[in-house]
Amino acid sequence: MSRWKALPAELDPRVRQLVVRLRRLKDHSGLSMRQLAARTGYSPKSWERYLGGRSLPPGEAVEALARIGGDDPTRLLTLREVAAEAWENGKDRGSTAAPADPSAPGPEPEPVSPSPSADPAAEIRLSVRSLRIVLAAGAVVLVLAVSSAVLMTLRLTGHSGADDGRTQRTAPLAASTPVTTPSYGCRLQRVDGTWYAGNSRTRDATVGYGQAGPDVAEVQCLLRRAGVSPGGIDGMFGPLTRGAVVRFQKRAGLIGDGIVGPRTWKALRG
């Protein structure tokens, strides 16, 4: 495990919480700074600033590290949103991330007491950001609840079809339904000069950032076969996969837009 330097004492607790969480994920991954940079597309010096509390990491960097460390990207991005708010408030007050020189003379800080004449615009911005965070968390909970209800309905429907005229007995609903993530592999084979990886046989589907499923896993396998690493074969089109697609497109003489269409499929399967 890495021996981290102490974070600046004046760092806002919300920023400190995000940095400590990112440090734990980095330690859990077992990657060096260079390996982390290669997996995420951000330089080692950038990660040193992010993990040292000297600079706020962008959302894509946080999402990439969350997926590498096996953490929930949504929850970590929410922490990043709260830390960004604290970071901006610190800039408005003129604070810096570097600790002050204790030998340098300066005026003593005046005590700040809450006043009803605080800036109303700042309070409105704070309320709007807090509302966005609450709405995002509520949307995630709603999606999980709907998915659980649909799965339970399908299970009960199939159960009732198997009853032979007897009184139907329904089992008590489980407290929660585990969500299983499909696993993908790369079973490469070449048929009539065309490469397939065993996940999808499409040659014209449009696949881009934010999508998930077997088409994405097929793209990841074919990228790896071509010598361009997309990270893991997880079937999720995140920043690592998009960066790999752009690099492959440029190498193949295509427009590097990060979207897999018919021309990119042809180059991947060729």
Side-chain angles (χ1 to χ4, degrees), residues 1-87 97 133 136-137 139-141 143-144 147 176-186 199 209-213 216-217 219-221 223-224 228-245 247:
M1 182 175 292
S2 303
R3 292 186 177 180
W4 297 102
K5 293 182 179 179
L7 293 171
E10 67 276 11
L11 198 64
D12 188 280
R14 291 165 289 183
V15 181
R16 183 184 298 271
Q17 182 182 8
L18 173 66
V19 175
V20 170
R21 190 70 167 273
L22 295 177
R23 285 182 172 186
R24 290 177 181 172
L25 288 175
K26 192 268 182 187
D27 288 339
H28 180 71
S29 70
L31 300 176
S32 66
M33 284 294 187
R34 290 184 177 275
Q35 291 170 333
L36 183 62
R39 291 284 297 274
T40 61
Y42 293 86
S43 67
K45 290 186 177 180
S46 296
W47 277 113
E48 288 176 2
R49 292 196 304 272
Y50 301 156
L51 299 176
R54 301 192 305 273
S55 179
L56 189 68
E60 288 191 356
V62 172
E63 181 181 1
L65 182 53
R67 295 192 184 281
I68 291 172
D71 201 351
D72 181 9
T74 302
R75 183 169 51 187
L76 205 59
L77 287 173
T78 301
L79 286 179
R80 194 263 174 197
E81 183 74 15
V82 175
E85 178 184 335
W87 193 275
I133 294 172
V140 173
V141 173
V143 170
L144 292 176
S147 301
S176 62
T177 303
V179 179
T180 57
T181 303
S183 59
Y184 299 100
C186 297
N199 297 298
Y209 187 84
Q211 293 183 240
V216 178
V219 170
Q220 293 171 333
C221 288
L223 285 170
R224 179 175 291 182
V228 183
S229 175
I233 310 299
D234 54 5
M236 293 184 290
F237 203 117
L240 297 179
T241 301
R242 184 181 184 279
V245 170
R247 293 195 299 272

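Just the heavy atoms: all of them, side chains too, but no hydrogens, waters or symmetry mates, feed the values below. Here the structure is a predicted model, which means the values were calculated and not measured.
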Okay, side chain of [X], backbone of [Y]: is any donor-acceptor separation there less than 3.5 Å?
X	Y	result
Gln220	Cys186	no
Arg80	Pro57	yes
Arg224	Gly232	no
Arg14	Ala84	no

List the atom of [X], the atom of [Y], and the distance in Å for their closest heavy-atom pair.
X	Y	result
Ser29	Ile68	CB-CG2, 3.9 Å
Ala37	Ser43	CB-C, 3.8 Å
Leu25	Ala66	CD1-CA, 4.1 Å
Val228	Ala244	CG1-O, 3.4 Å
Ile233	Cys221	CG2-SG, 3.7 Å

Between [X] and [Y], is any pair of side-chain heavy atoms under 4.5 Å apart?
X	Y	value
Leu56	Leu18	yes
Trp47	Leu65	yes
His28	Asp71	no

If I take atom [atom1] from residue [X] and atom [atom2] from residue [Y], how far apart are they, to the nearest 0.5 angstrom?
X	Y	atom1	atom2	answer
Leu11	Arg54	CG	CZ	11.5 Å
Ser55	Glu48	OG	CD	12.5 Å
Leu31	Thr40	CG	OG1	9.5 Å

Review point. Partners of Gln211 by side-chain hydrogen bond (donor to acceptor under 3.5 Å, both in side chains), sequence neighbours excluded?
Key: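 Checked Gln211 against side-chain hydrogen bond (donor to acceptor under 3.5 Å, both in side chains); zero matches.
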Residue set satisfying salt bridge (Lys or Arg N to Asp or Glu O under 4.0 Å) with Arg242, at least two apart, ordered chain then number -> none
Across all chains, not counting sequence neighbours, the salt bridge (Lys or Arg N to Asp or Glu O under 4.0 Å) partners of Arg67 are Glu63
Exercise for the section: May I have the step-by-step check of side-chain contact (heavy atoms from CB on, under 4.5 Å) for Val219 and Asn199, ending in yes or no? Expected result: CA-CA 9 Å; Val219 170; Asn199 297 298; over 6 Å; no
| task | Evaluate the side-chain contact (heavy atoms from CB on, under 4.5 Å) criterion for residues Trp4 and Asp27: first the C-alpha distance (whole Å), next the side-chain angles of each, then the deciding distance (0.1 Å), finally the verdict. | result | CA-CA 10 Å; Trp4 297 102; Asp27 288 339; 3.0 Å; yes
- Message: Applying side-chain contact (heavy atoms from CB on, under 4.5 Å) to Glu81 and Leu77, what does each step give before you reach the verdict?
- Response: CA-CA 6 Å; Glu81 183 74 15; Leu77 287 173; over 6 Å; no
